Undergrad: 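Dropping a structure here in structure tokens format, bear with me for questions.
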Amino acid sequence: MIADTEIQDLVARARAAQAVYERMSQEEVDAIVKGVAKYVFDNAEPLARMAVDESGIGLYEDKILKNKGKSRTIWNNLKDKKSRGVIGEDSDSNLVLVAKPMGVVGAVTPVTNPIVTPMCNGMFALKAGNAVIFAPHPKAQKCTEHLTDEFMKVVKANGGPDDLVQVVRNGSIDKTRELMQAVDVVVATGGPAMVKSAYSSGKPSFGVGAGNVPVIIDRDVDLKAAIDKIVTGASFDNGIICSHEQFVLAPEEQYEETLQLFEATGKVWITEDEEQIDRLRELVFPDGYLNKDVVGRSPREIAAMAGIDVPASARLILLPASGAGSDDVLAKEKLCPVIAILPYRNFDEAVAKARANLLVEGAGHSAALHSDNEEHIRSAGIGLPVSRLVINQPSSLTAGGSLTNGFAPTTTLGCGSWGGNSISENLDYKHLMNISRIGKVIAGKPVPTDEEIWA
């Protein structure tokens, strides 16, 4: 039962707006979607500053790159896609495909991505002909309200209706829950409790699961190049990207060289002092649970909390782990620029250790592998319980899609049944539209006999 009159009013206005928007052409829809992306691209710097100031986490320079990168790649992926009216015909099956909006999308947005997640999910909703209502994290409220106002300027400038993009103001858990029960479909990009609430709303929902990306360095690769990519990915935006590298698995005979190359980047602080490792382990995981105070903080800030002095130039803290899976809490998701490393004897053992980590936390999300061995690549793809295996790329920058791989550009990464999600791929506009199929007799298609069917 929907009791909050504010939510009732938001949804009623969204339905009225969507009914008008549904009649707009593909060209008009695309002009609005492009305008949303272009606003974020053109205003990447002030939006990055706004995000850091309100959320208190992440890195300003990286948020600029994120704002530009996500707006660019998502629009590039959407711009030539049909999403209104007849979107395709299959001559072999004699089917005509017709896109239909779902209606009103409720989009729950996180503190970790207060700019690009509303942009991304808003673009997907609008591309498919829907209205969208954002329900932001309390520490993303100002960012989301600002974006909503700016996105509506884009809508109106391109002939769209009032109230097509709205936001829950003075938000609360109860309001978000009521919104999820009132809309037609929910996109929940946030913590486990919020995702579970979305799936309990009684409405179709798309959620995400926990990340905890293991990264295997194979024996045949350029070690320095692999390490440079891992540092880039793991340190990006102070480690708050769910697809960032969390746990490095290196060949045992190259382990010491691997540590030296990490240190040689000038961006990684390493300690093999057991007391320091224990202090950082206890800081990041007091009583075995992630400490929210380290999320998105800099290496220097995190180390200082443990009474350790780390240079301001450090972008990443690397800690030797005592084991994989349940043998060391450092094998869990850390959401900060602290990662672990462990040697392995052979490739099968590396995959087993990566799998052990994922089964503790992060199953269904992502893993990374630096390898030129196709047999190993496929073996890892078969053996790991993940929805995406990122090969020879910085995982945090590419698992969510890029201009150089085939993953759909997104900020919402489905984790399949492993992660309690309804999809095991990157959320895209296609997930937010219904498709009607017009089916006709396939002329000249031979009908097999029973003997042929059961042969």
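No hydrogens, no waters, no symmetry mates; every other heavy atom, side chains included, goes into these values. Since the model is a prediction, treat every value here as computed from it, not as a measurement.
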Undergrad: Quick one: do the Glu425 and Ser387 side chains pair a donor with an acceptor below 3.5 Å?
TA: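 Looking only at side-chain atoms, Ser387 and Glu425 do not form any donor-acceptor pair under 3.5 Å.
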Undergrad: So Val329 and Arg281, do their side chains get closer than 4.5 Å, heavy atoms only?
TA: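 Heavy-atom side-chain distance check passes, below 4.5 Å.
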Undergrad: Does atom NZ of Lys34 have more than 12 heavy-atom neighbours from other groups under 6.0 Å away?
TA: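 No - once you tally the heavy atoms of other residues, nucleotides and ligands closer than 6.0 Å, there are 12 at most.
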Undergrad: Once ring pair (Phe, Tyr, Trp, His ring centres under 6.0 Å) is applied, do any residues pair with Phe206, and if so which ones, sequence neighbours excluded?
TA: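 Only His431 meet the ring pair (Phe, Tyr, Trp, His ring centres under 6.0 Å) criterion with Phe206.
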Undergrad: Write down the atom of Asn67, the atom of Ala44, and the distance for their closest heavy-atom approach.
TA: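 That would be ND2-O, 3.1 Å.
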Undergrad: Would you compute the distance between atom OG1 of Thr258 and atom CD1 of Ile270 and round it to the nearest 0.5 angstrom?
TA: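 Taking OG1 in Thr258 and CD1 in Ile270, the distance rounds to 9.5 Å.
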Undergrad: Determine yes or no for a side-chain-to-main-chain donor-acceptor pair under 3.5 angstrom, with Asn421 supplying the side chain and Gly419 the backbone.
TA: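 Yes, because the side chain of Asn421 sits within donor-acceptor range (under 3.5 Å) of the backbone of Gly419.
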Undergrad: Taking only residues two or more places apart in sequence or in another chain, which ones pass salt bridge (charged side-chain N to carboxylate O under 4.0 Å, His left out) with Asp237?
TA: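 Result, salt bridge (charged side-chain N to carboxylate O under 4.0 Å, His left out) vs Asp237: Lys63, Lys66.
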Undergrad: Mark yes or no for whether Glu54, through its side chain, and Lys142, through its backbone, hold a donor-acceptor pair below 3.5 Å.
TA: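 Looks like yes, one N/O pair under 3.5 Å.
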Undergrad: Are any of the side-chain heavy atoms of Ser71 and Met123 separated by less than 4.5 Å?
TA: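 No, side chains not in contact.
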Undergrad: Could you walk me through whether Gln26 and Ser83 pass the side-chain hydrogen bond (donor to acceptor under 3.5 Å, both in side chains) test, one step at a time?
TA: CA-CA 7 Å; Gln26 183 75 67; Ser83 61; 3.1 Å; yes
Undergrad: Quick check: does any side chain N or O of Asn426 sit under 3.5 Å from a backbone N or O of Ala399, one acting as donor and the other as acceptor?
TA: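 Yes; judged by distance alone, with no hydrogens or angles, the pair exists.
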Undergrad: Is the backbone N or O of Arg72 less than 3.5 Å from a side-chain atom of Asn76, with the two atoms forming a donor-acceptor pair by type?
TA: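 Pair absent, no side-chain N/O of Asn76 close to backbone of Arg72.
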Undergrad: Can you list the steps and then say if Leu126 with Val36 is a side-chain contact (heavy atoms from CB on, under 4.5 Å)?
TA: CA-CA 10 Å; Leu126 294 168; Val36 165; 4.2 Å; yes
Undergrad: For Gly171 and Gln141, which heavy atoms make the closest approach, and how far apart are they?
TA: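 So the two residues come closest at N-OE1, 3.7 Å.
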Undergrad: Backbone N or O of His365 within a donor-acceptor pair of the Arg388 side chain at under 3.5 Å?
TA: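 Flag set: sc Arg388 to bb His365 pair under 3.5 Å.
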Undergrad: Considering residues at least two apart in sequence or located in another chain, which fulfil the side-chain contact (heavy atoms from CB on, under 4.5 Å) criterion with Pro204?
TA: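 Scan of Pro204 (side-chain contact (heavy atoms from CB on, under 4.5 Å), adjacent residues dropped) gives Val185.
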Undergrad: What are the two closest heavy atoms between Leu369 and Ala380, and how far apart are they?
TA: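 In this case the closest contact between Leu369 and Ala380 is CD2-CB, 4.1 Å.
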Undergrad: Could you tell me which residues satisfy ring pair (Phe, Tyr, Trp, His ring centres under 6.0 Å) with His146, sequence neighbours excluded, listed by chain and number?
TA: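 Partners of His146 by the ring pair (Phe, Tyr, Trp, His ring centres under 6.0 Å) criterion come out as none, since no residue qualifies.
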Undergrad: Hey, are Arg49 and Glu45 close enough for a salt bridge, meaning a charged N less than 4.0 Å from a carboxylate O?
TA: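 No, this pair does not count.
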Undergrad: Once rounded to the nearest 0.5 Å, what's the spacing between atom CG of Leu316 and atom CG of Asn238?
TA: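 Between Leu316 CG and Asn238 CG, I get 10.0 Å after rounding to 0.5 Å.
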Undergrad: Does the side chain of Arg300 come within less than 4.5 Å of Asp309's, by heavy atoms?
TA: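 In contact.
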Undergrad: To the nearest 0.5 angstrom, please state how far the OG1 atom of Thr265 sits from the CD1 atom of Ile227.
TA: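 Nearest 0.5 Å value for the OG1-CD1 distance: 8.5 Å.
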Undergrad: Is it the case that over 12 heavy atoms from other parts of the model lie below 6.0 angstrom from the CD1 atom of Ile173?
TA: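 Open.
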Undergrad: Do the side chain of Arg315 and the main chain of Pro299 share a donor and acceptor less than 3.5 angstrom apart?
TA: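 Side chain of Arg315 to backbone of Pro299: no pair is present.
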Undergrad: Counting only heavy atoms not in Arg378, do more than 12 sit closer than 6.0 Å to its CZ atom?
TA: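 At most 12 heavy atoms, drawn from other residues, nucleotides or ligands, come within 6.0 Å of this atom.
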Undergrad: Which residue is it: Arg13, Lys156, Arg15? I am looking for the one with a salt bridge (charged side-chain N to carboxylate O under 4.0 Å, His left out) to Asp163.
TA: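 Passing option: Arg13.
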Undergrad: Take Ser25 and Arg84 through the side-chain contact (heavy atoms from CB on, under 4.5 Å) test and state the conclusion after the steps.
TA: CA-CA 7 Å; Ser25 69; Arg84 308 299 305 119; over 6 Å; no
Undergrad: Which pairs of donor and acceptor atoms, one on a side chain in residues 127-140, lie under 3.5 Å apart (sequence neighbours left out)?
TA:
from   : atom 1 : to     : atom 2 : distance (Å)
Lys127 : NZ     : Asp30  : OD1    : 2.8
Lys127 : NZ     : Leu78  : O      : 2.8
Lys127 : NZ     : Lys81  : O      : 2.7
Asn130 : OD1    : Met102 : N      : 2.7
Asn130 : OD1    : Gly103 : N      : 2.8
Asn130 : ND2    : Ala125 : O      : 3.2
Asn130 : ND2    : Leu432 : O      : 2.9
His137 : ND1    : Lys139 : N      : 3.0

Undergrad: Checking the side chain of Asn212 only, and the main-chain atoms of Glu361 only, is there a donor and an acceptor separated by less than 3.5 Å?
TA: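 Answer holds: yes.
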Undergrad: Treating Ser395 as the side-chain partner and Glu245 as the backbone partner, does any N or O pair qualify as donor plus acceptor under 3.5 Å?
TA: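 Such a contact is absent between Ser395 side chain and Glu245 backbone.
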Undergrad: Is there a salt bridge (Lys or Arg N to Asp or Glu O under 4.0 Å) between Lys175 and Glu178? Walk through the geometry before answering.
TA: CA-CA 5 Å; Lys175 284 185 178 181; Glu178 292 191 6; over 6 Å; no
Undergrad: If you draw a 6.0 Å radius around NZ in Lys229, do more than 12 non-hydrogen atoms from other residues or ligands fall strictly inside?
TA: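 Counting neighbours around NZ of Lys229, more than 12 heavy atoms of other residues, nucleotides or ligands fall under 6.0 Å, so yes.
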Undergrad: Does NZ or CZ of Lys334 come closer than 6.0 Å to the centre of the six-membered ring of Phe247, within 45° of the ring's axis?
TA: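 That pair does not qualify as a cation-pi contact.
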Undergrad: Once you round to the nearest 0.5 Å, how far does CD of Gln166 lie from CZ of Phe151?
TA: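 Reported to 0.5 Å precision, the distance equals 14.5 Å.
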Undergrad: What closest approach, in Å, do Met119 and Ala37 show between heavy atoms, and which atom pair accounts for it?
TA: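 That closest heavy-atom pairing would be SD-CA, 4.4 Å.
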Undergrad: When Cys120 is tested against each of Val187, Thr189, Thr73, Thr410 for side chain to side chain contact (heavy atoms under 4.5 Å, CB included), which residue passes?
TA: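 The passing option is Thr410.
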Undergrad: Applying salt bridge (charged side-chain N to carboxylate O under 4.0 Å, His left out), name anything that partners Arg355, two or more places apart in sequence or on another chain.
TA: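 None.
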Undergrad: What are the two closest heavy atoms between Val294 and Cys336, and how far apart are they?
TA: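 In this case the closest contact between Val294 and Cys336 is O-CB, 3.2 Å.
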Undergrad: Mind checking the CG-CZ spacing from Leu65 to Phe236? Nearest 0.5 Å is all I need.
TA: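 CZ of Phe236 is found 5.5 Å from CG of Leu65.
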Undergrad: Roughly how far apart are Ile230 CD1 and Ile341 CD1, rounded to 0.5 Å?
TA: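 Result: 8.0 Å between the selected atoms.
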Undergrad: Ignoring hydrogens and angles, tell me if any N or O in the side chain of Asp90 forms a donor-acceptor pair with the backbone of Val96 under 3.5 Å.
TA: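 No: the side chain of Asp90 does not pair with the backbone of Val96.
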Undergrad: Please determine if Lys153 and Asp149 form a salt bridge, counting it only when a charged side-chain N lies under 4.0 Å from a carboxylate O.
TA: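 Salt bridge absent between Lys153 and Asp149.
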Undergrad: If only atom types and distance count, is the side chain of Lys203 paired as donor or acceptor with the main-chain N or O of Gln181 below 3.5 Å?
TA: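 At least one qualifying donor-acceptor pair exists.
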